[in-house]
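Data first, discussion second: the structure below is written as structure tokens.
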Amino acid sequence: MNETSSKGLVWFRRDLRSADHAALYHALRSCQQVFAVFVYEREILEPLPRTDRRVAFIHDALADLERQLSAWVNHHHAGQAPVHGVLIQRYGNSADEIPALAQALGVQWVFANHDDEPFALQRDRQVRGRLAERGIGLKTFKDHVIFERQEVLSAAGHPYTVFTPYKNAWLKKLTPADLAPYPTESLAAGLRTPPKDLATPPMALAQLGFDQAVHTSDKLGKGSQGGQSLLADFLPRLDRYDKTRDYPAVKGPSYLGIHLRFGTVSVRQVAALAWRRAQEQSPGAQVWLNELVWRDFYAQILANFPQVTQASFKPAYDKIEWEKGVLAKARFDAWCMGATGYPLVDAAMHQLNQTGYMHNRLRMVAASFLCKHLGLNWRWGEAYFAEKLNDFDLASNNGGWQWASSSGCDAQPFFRIFNPVLQSKKFDPDGKFLARYLPVLAQLPPALRHAPWMAPAELLGSVRLGQDYPLPIVDHQEARAQTLARYRCVQTTPAKGG
């Protein structure tokens, strides 16, 4: 088959941008005519809450992507009537929609970027098989990470399961070529508008069964344009990222998590910026690059050890006896609602419930509290974060929860138990974050907000503990002792620290 005279279809998934897009580049480079499609996956959308912020974000990103693609087509066909609707949109199952559309368009190839989540791999196997029945090929490319799958291996040829040696190998392997963007716009003359009978007007959220009233916050940034604005806002703060990233009341993070998750910003662009500044000895850039390496690390853990979605990476940790029954359910509900009586944990959960975002330091504190204070199975928390986080990513979420519960491949030791009061005093010393999400505690002097139950009654003012704000549902020292006993089945090192 002569690819240079063929038609291609680019299937957008978790890569909702036109610039620096691997699959789009390869399609435009090898095909004379290229079409574009996105499928709202019924199997993914149907179980979601009807007011899911991520669906609204995707909806905005697709509108932005459509504008970009149509602008490219109009630029290369100046003098002709302006076109729109370059991006075909479908709602259904990709295993049905993609082969049917590819056949109707008469394409020889479908191009997409890798997705190593178990659902996506199964879906892609089905699509590949059904395309093959029609004589159509499926080509997929790396786009979501810098290094994937088995690109970074140990000297023995095995995937790394400890972060630091992985990071060292990652940095040693990295070259400017790994960060080079794909010049999609220079090849955009090959883009085509679909025939009228296959074109679709943009779908409204209501058509998808989602609430139009609940929309993404402007703070998230809409589509790739919004992502670029957030990146530009972050760059002047990058050099201080190492000093500001742990303080939830400070504007320290990049807030690009959702854009990396849905590919509205290219990871190559972000990593190139971090790497160049890190080479110039910027401590903030070095720490930020480290976070991007963690992202790759968890992605390759999922790709090489897919069993982590069903069980602990360390099998011994599946022997732990977690709390069950009515008390466990009541504790979990209190954690979800931000009513544990520990202000930093509660403020973190209110931030998540109200905005869909949780500061990274607080993700660790809240997760540790669920497992090691409340004695609850980390899988419960993993599922709650999966439902609520705007930037939910299976590999990173699973990796983070297994880290917090000590069950993961390179997790914190089982005897490391965050003290939420000390964490609060250290990372929110003035209690500003607490006051923002727990306004009832704003009445208290800042020093008393971290542990109001320890405050003298005369300083509580009108705040009624147990009514206006809950008393702690567990005692830290008692919970610590119970956790060490609970983890006895996996202990190989004497307990220490605290």
Side-chain angles (χ1 to χ4, degrees), residues 47-51 309-312 314-354 356 358 362-389 392 397-398 400-408 411 414-421 423-424 437-438 440-441 451-454 463-491:
L48 295 179
R50 296 302 87 188
T51 55
T309 63
Q310 305 298 323
S312 297
K314 300 173 183 173
Y317 282 73
D318 286 329
K319 300 175 184 176
I320 292 173
E321 296 273 344
W322 302 107
E323 295 292 333
K324 299 176 182 177
V326 175
L327 177 61
K329 180 64 167 60
R331 287 181 171 183
F332 181 65
D333 289 344
W335 180 84
C336 293
M337 294 184 295
T340 69
Y342 284 87
L344 189 64
V345 175
D346 293 343
M349 297 306 294
H350 281 292
Q351 182 183 42
L352 174 63
N353 293 333
Q354 292 174 28
M358 187 187 288
L362 303 187
R363 296 185 196 200
M364 294 188 287
V365 172
S368 176
F369 188 86
L370 179 90
C371 305
K372 296 182 177 179
H373 279 76
L374 303 184
L376 302 179
N377 193 328
W378 62 269
R379 302 287 306 270
W380 292 15
E382 180 193 27
Y384 192 76
F385 273 25
E387 178 184 328
K388 295 292 184 178
L389 280 173
F392 165 66
N397 191 52
N398 178 270
W401 274 96
Q402 294 223 34
W403 181 89
S405 66
S406 302
S407 64
F414 67 85
F415 50 80
R416 186 182 180 198
I417 302 170
F418 283 124
N419 182 322
V421 176
Q423 290 283 308
S424 185
Y437 286 100
L438 300 171
V440 66
L441 298 186
W453 67 91
M454 298 178 67
V463 177
R464 298 166 299 174
L465 293 181
Q467 297 181 54
D468 301 323
Y469 183 72
L471 290 164
I473 60 174
V474 292
D475 175 81
H476 170 68
Q477 291 300 335
E478 290 178 3
R480 184 180 185 279
Q482 290 171 358
T483 291
L484 294 178
R486 189 186 313 280
Y487 278 69
R488 190 173 292 126
C489 63
V490 298
Q491 291 180 16

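Numbers for residues simply follow the sequence, beginning at 1.
Across all non-hydrogen atoms, the minimal contact from P420 to V345 is CB-CG2, 4.1 Å. Scanning all heavy atoms of the two residues, the minimum distance from A339 to I473 falls at O-CG2, 4.1 Å. Nearest heavy atom pair, residue L352 against residue L389, reads CD1-CD2, 3.6 Å. Smallest separation of non-hydrogen atoms from F418 and H373: O-CE1, 3.1 Å. Minimum interatomic distance between P452 and L465 (heavy atoms only, all atoms of both residues): O-CD1, 3.5 Å.
Applying side-chain contact (heavy atoms from CB on, under 4.5 Å) to F369 and the options I417, L376, V474 leaves one that passes, V474.
Listed by first then second residue, pairs satisfying salt bridge (charged side-chain N to carboxylate O under 4.0 Å, His left out) with a partner in residues 368-381 read R379-E382, not counting sequence neighbours. Sorted by first and then second residue, the side chain to side chain donor-acceptor pair (under 3.5 Å) pairs involving residues 334-344 (not counting sequence neighbours) are T340-D346.
Judged as a salt bridge (charged side-chain N to carboxylate O under 4.0 Å, His left out), and not counting sequence neighbours, the contacts of E323 are R486. Here Q482 pairs with nothing under the side chain to side chain contact (heavy atoms under 4.5 Å, CB included) rule; sequence neighbours left out. With sequence neighbours excluded, the residues forming a ring-ring contact (aromatic ring centres under 6.0 Å, His included) with W380 are F332, listed by chain and number. Looking at residues two or more places apart in sequence or on another chain, you find a side chain to side chain contact (heavy atoms under 4.5 Å, CB included) between L48 and L45, R50, D52, R54, V55, F210. A search for side chain to side chain donor-acceptor pair (under 3.5 Å) contacts involving S312 returns D318, not counting sequence neighbours. S407 pairs by the side chain to side chain donor-acceptor pair (under 3.5 Å) definition with Q402, S405, not counting sequence neighbours. Remark: A347 pairs with F433, L434, Y437, L438 by the side chain to side chain contact (heavy atoms under 4.5 Å, CB included) rule, at least two apart or across chains. For F392, the ring-ring contact (aromatic ring centres under 6.0 Å, His included) test picks out no residue, with sequence neighbours left out. Looking at residues two or more places apart in sequence or on another chain, you find a side chain to side chain donor-acceptor pair (under 3.5 Å) between K329 and D333. With sequence neighbours left out, the side chain to side chain contact (heavy atoms under 4.5 Å, CB included) criterion links Q467 to R464.
Remark: N377 CG to W401 CH2 distance equals 10.0 Å, nearest 0.5 Å. Taking CZ of R363 as the start and CD of Q351 as the end, the distance is 9.0 Å to the nearest 0.5 Å. Atom OG in S406 sits 8.0 Å away from atom CD1 in I320 (nearest 0.5 Å). Atoms CH2 and CH2, from W322 and W378 in turn, are 9.5 Å apart once rounded to the nearest 0.5 Å.
Not a single donor-acceptor pair under 3.5 Å links the side chain of S368 to the backbone N or O of M364.
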Exercise. Stepwise, does the side-chain contact (heavy atoms from CB on, under 4.5 Å) test hold for F415 with T483?
Worked result: CA-CA 8 Å; F415 50 80; T483 291; over 6 Å; no
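Residue E387 qualifies as enclosed at atom CD: its count of foreign heavy atoms under 6.0 Å is above 12.
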